[in-house]
Amino acid sequence: MLMQPRKVGFIVFVLLFFFQSVSSSLALGVDFIERAYFKEDGSGQFSIKVDLTKTSKLISVIKCLNKDYKYQGITKSIGYKAFSKAQARLEKISDISQIRVGYDEKMLSFQLMFRFNTIQALNKAIRKINKGLDPLKITYFSLDDGLFVRQDVNGITQKILFYQQYDNCLVKSLDLASFFKETTYTTIYTFYKEIEDYSNPLSELTKDRKTIRIAHYVFAPDQITESIGNRVHFVK
């Protein structure tokens, strides 16, 4: 018999609190990967993936608490269901299509993917995903022939702290900066033309200069300010 999601959530945070008090060397992390491909007409494909590999030991402990409870149930309780709810909201947006939510039981990851016909539709979709975290009218992405802008008003760190502030369980007691020091948010954007320069110093370009990557350690003291925001100029 499977445990209920609320029970799983409570056990997860009890274990997190326990591990934190035992040793800082057991610091965990979650990897978020935001990937997008932009075509010249403003259409493209977007995905956001959550990789729980760094928490595999913790998940193994949770599994041992109930021999009948499997990895699949844990993955779904942690985030798959949240992505499924987001999928339902995205289906109501015109110019958003081919919405899929998938998870890899063995790799401990889940992913939300969709296609967008316009940048405006992409912004509407991200507003739905980040509902309650950012200003309602924020423009996450803008793109023209010479400039691409990715805005990140509150920063990933602030979003996590927001969840902590309003969470009713033991996550309130965690020293997030220490415990989740290995948490990353990576953005990978591919364009139809070459990139000339960029504003975010964490940026890395591929050899063809059409893909730009930022690997942001969310709680790294020297990266909190930079976060994932970027202004990318294209070769004219």
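Quick caveat: nothing in here was measured; it's all calculated off a predicted structure. Counting begins at 1 with the first residue of the sequence.
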**Study point:** Heavy-atom donor-acceptor pair, R231 side chain to V149 backbone, under 3.5 Å
**Key:** no

Review point. Does K85 have any side chain to side chain contact (heavy atoms under 4.5 Å, CB included) partners at least two apart in sequence or in another chain, and if so, which?
Key: R89

Revision key, fill the gap. Nearest heavy-atom approach of M113 to S47 is CG-CB, 3.6 Å

Practice item. Rounded to the nearest 0.5 Å, what's the gap from OG1 on T186 to CD1 on I33? Could you check? Key: 6.0 Å

**Study point:** Nearest atoms (heavy-atom pairs only) where F116 meets Q45
**Key:** CE2-N, 3.4 Å

Revision key, fill the gap. Note: K193 and V235 closest approach over all heavy atoms is CE-O, 3.5 Å

Check your understanding: From R213 CZ over to N230 CG, what is the distance, rounded to the nearest 0.5 angstrom?
Key -> 13.5 Å

Review point. Do you know the tightest heavy-atom contact between I214 and I228?
Key: CD1-O, 4.0 Å

Check your understanding: How long is the gap from CG on N117 to CD1 on I93, to the nearest 0.5 Å?
Key -> 12.0 Å

Review point. So, for D152 and G229, which heavy atoms are closest and what is the spacing to 0.1 Å?
Key: CB-N, 3.9 Å

Practice item. Tell me, please, whether F46 has R35 positioned over its six-membered ring: NZ or CZ under 6.0 Å from the ring centre and within 45 degrees of its axis? Key: no

Practice item. Kindly say whether I99 contributes a backbone atom to a donor-acceptor pair with the side chain of Q87 at under 3.5 angstrom? Key: yes

Point to revise | Side-chain touch R115/S43, heavy atoms, less than 4.5 angstrom | key: no

Check your understanding: Hey, what do you get for OH (Y192) to OH (Y37), rounding to the nearest 0.5 Å?
Key -> 10.5 Å

Review point. For residues T184 and D31, is any side-chain donor paired with an opposing acceptor at under 3.5 Å?
Key: yes

**Study point:** Flag side-chain contact, heavy atom, 4.5 Å: I212 against F191
**Key:** yes

Review point. Any side-chain heavy atom of I129 within less than 4.5 Å of one from L112?
Key: yes

Study note, to complete from the structure: Taken to the nearest 0.5 Å, the spacing of L90 CG from Q98 CD works out to 13.5 Å

Practice item. Consider only side-chain heavy atoms of I, L, V, M, F, W and Y, link residues closer than 4.5 Å, and tell whether L205 and F148 are in one cluster. Key: yes

**Study point:** Atom pair CG/OG of N123 and S142 - distance to nearest 0.5 Å
**Key:** 8.0 Å

Revision key, fill the gap. Minimal heavy-atom distance between A121 and S94, with the atoms involved, is CB-O, 3.8 Å

Practice item. Indicate yes or no: at least one non-hydrogen side-chain atom of K49 is less than 4.5 angstrom from one of F32. Key: no

Check your understanding: Taking the side chain as C-beta and beyond, is there a heavy-atom pair between I195 and F234 under 4.5 Å?
Key -> yes

Review point. Any donor-acceptor pair under 3.5 Å linking the side chain of N200 with the backbone of L202?
Key: yes

Check your understanding: Is it true that I188 and V232 fall in one hydrophobic cluster, defined by side-chain heavy atoms closer than 4.5 Å?
Key -> no

Review point. Is there a side-chain contact between L122 and Y140 (heavy atoms, below 4.5 Å)?
Key: no

Review point. Any donor and acceptor pair, going by atom type alone, linking the side chain of Q151 with main-chain N or O of T139 inside 3.5 Å?
Key: yes

Review point. Would a distance-only check, ignoring hydrogens and angles, find a side-chain to backbone donor-acceptor pair under 3.5 Å from R127 to I138?
Key: yes

